[in-house]
Amino acid sequence: MSPSRQTPRREQEYREPGKLSPALASIYSDVLRRNPGETEFHQAVFEVLETLAPVLEARPEYLDTKLVERVCEPERQIMFRVPWQDDSGEIHVNRGFRIEFNSALGPYKGGLRFHPSVNLGIVKFLGFEQVFKNALTGLSIGAGKGGSDFDPKGRSDSEVMRFCQSFMAELHRHLGEHTDVPAGDIGVGGREIGYLFGQYRRLTNRWEAGVLTGKGLEWGGSQVRTEATGYGNVLFTLEMLRARKEDLQGQQVVVSGSGNVAIYTIEKAQALGAHVLTCSDSQGYIVDEKGINLDLLKEIKEGERGRVADYAERRGASARYVTDGRVWDVPCDVALPSATQNELDEDAAWTLVRNGVRAVSEGANMPTTPAAVRVLREAGVAFGPGKAANAGGVATSGLEMRQNAERDSWSFDHTEERLTQIMRDIHTSCHETAERYGFPGDYVAGANIAGLERVADAMLAQGLV
Ligand code: GLU
């Protein structure tokens with residue numbers, strides 16, 4: 001379950017340049033050669049390239065102008081030192097990253113991840129995904145991603161504040177509401193955004209609300225931003241089920257993770273009548289036969305920054321805490337991976353299929369390995385790729401930027417209506433694009449092609465930059 005585990009050999013073998021058309025194989029070989037050791041980035045690029053052959057046939061101008069090569073190369077890559085002192089006076093040196101991937105559609109936009117596993121390849125895979133995801137939202141946002149190998153777990157508030165201040169002391173010169181707008185991701189929530197915003201404001205002497213999203217509601221944040229990624233993924237799942245004349249009502253749902261995405265996935269799934277059985281963290285998972293008690297989970301995770309093991313202790317007989325095996329062993333109709341990359345592998349996919357899963361939709365970024373995606377697709381399971389299914393988070397960030405630009409703040413209901421419409425539109429766009437290119441029901445191809453077309457057409461119009 002460790003987020004940083006190695007990519008298994010079988011998965012590696014699955015993505016070889018020879019499996020692509022000659023033009024795409026040559027692009028992929030170049031990506032491998034120029035970005036050595038960046039396994040997750042290679043994986044994210046491969047997953048997109050393997051769906052692009054039909055669009056390159058239909059749009060030869062993309063090949064002539066080396067559009068795909070340009071999309072695979074970030075516009076700018078920033079790496080910097082982040083020195084800070086802990087409460088005992090000891091000095092630590094972390095590394096900071098910001099990958100400004102593509103600004104054809106708007107300012108670079110995407111979260112910051114603080115986790116010990118963060119390295120260049122991980123930030124680049126996340127930034128690459130963001131290009132397609134942000135394009136799919138239909139909003140004017142480009143793509144970027146950043147973070148640090150800093151581990152906020154077990155750190156005091158003042159340590160986290162000092163780290164955030166040091167991180168922003170360098171990053172601020174690269175940001176701006178019209179330039180680059182970070183937000184949260186794993187390890188970066190409301191507390192960290194607050195410290196980052198405070199330091200940005202001090203260094204620039206500007207009240208520039210639109211420079212960060214995920215802010216507190218009293219100082220420029222948007223309603224629904226906290227809930228948006230999880231809510232959005234459930235709405236996307238519902239649309240996939242409806243397209244098959246099915247529903248979420250009464251379905252058994254397995255959710256992995258217990259962070260922001262997982263918590264609001266559980267909340268929305270329960271509100272729509274689903275029975276959510278599980279949640280997890282890097283140490284183990286909970287199975288609660290009565291359904292996850294969200295008040296208790298929120299108290300432990302949001303209030304106390306505790307572990308899911310505490311949930312089992314306090315919940316009573318209905319909940320079991322399991323430390324061996326995988327959450328995917330729990331039989332379900334719908335699985336919503338909401339923890340981290342590569343958490344659902346080929347074996348897990350077979351288990352889900354054997355247990356009769358009908359839909360899998362990614363709340364996390366790239367949680368399903370390529371071989372697992374293939375198993376699910378071949379078994380006819382509705383599969384929602386993260387770049388479409390979890391786009392509700394960044395879309396609501398886009399709505400936060402819009403409110404900031406107008407110095408306005410919308411009600412919860414109005415913002416949720418906008419989010420719901422955006423998720424429906426993303427579903428329609430993936431569904432229709434997949435049909436148009438001859439892959440009905442294939443949301444992976446639909447999301448990749450629809451995302452690429454939007455960003456590529458903007459790049460074509462703007463010339464060779
Ligand atoms: N980190 C989130 C994502 O993966 C949100 C980014 C944002 O709101 O800018 O899309």
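Residue indices begin at 1 and follow the sequence shown. Counting convention: from 1, in listed order, for ligands and their atoms alike.
- Salt bridge status for Asp157 with Arg305: absent, with no side-chain N to carboxylate O gap under 4.0 Å.
- Between Glu400 and Lys215, at least one side-chain nitrogen of the basic residue sits less than 4.0 Å from a carboxylate oxygen of the acidic one, meeting the salt-bridge criterion.
- Salt-bridge formation is detected for the pair Lys124/Glu38: a Lys NZ or Arg NE/NH1/NH2 atom is positioned less than 4.0 Å from an Asp or Glu carboxylate oxygen.
- Between the side chain of Asp180 and the backbone N or O of Leu175 there is no donor-acceptor pair closer than 3.5 Å.
- Contact detail for Gly96 and Val82: the closest heavy-atom pair is N-CG2, 3.7 Å.
- The closest side-chain donor-acceptor pair between Arg202 and Gln199 falls under 3.5 angstrom.
- Each of Lys109, Gly110, Gly111, Gln130, Lys133, Lys145, Ala183, Gly184, Asp185, Arg225, Asn365, Gly393, Val394, Ser397 has a non-hydrogen atom positioned under 4.0 Å from some atom of ligand 1.
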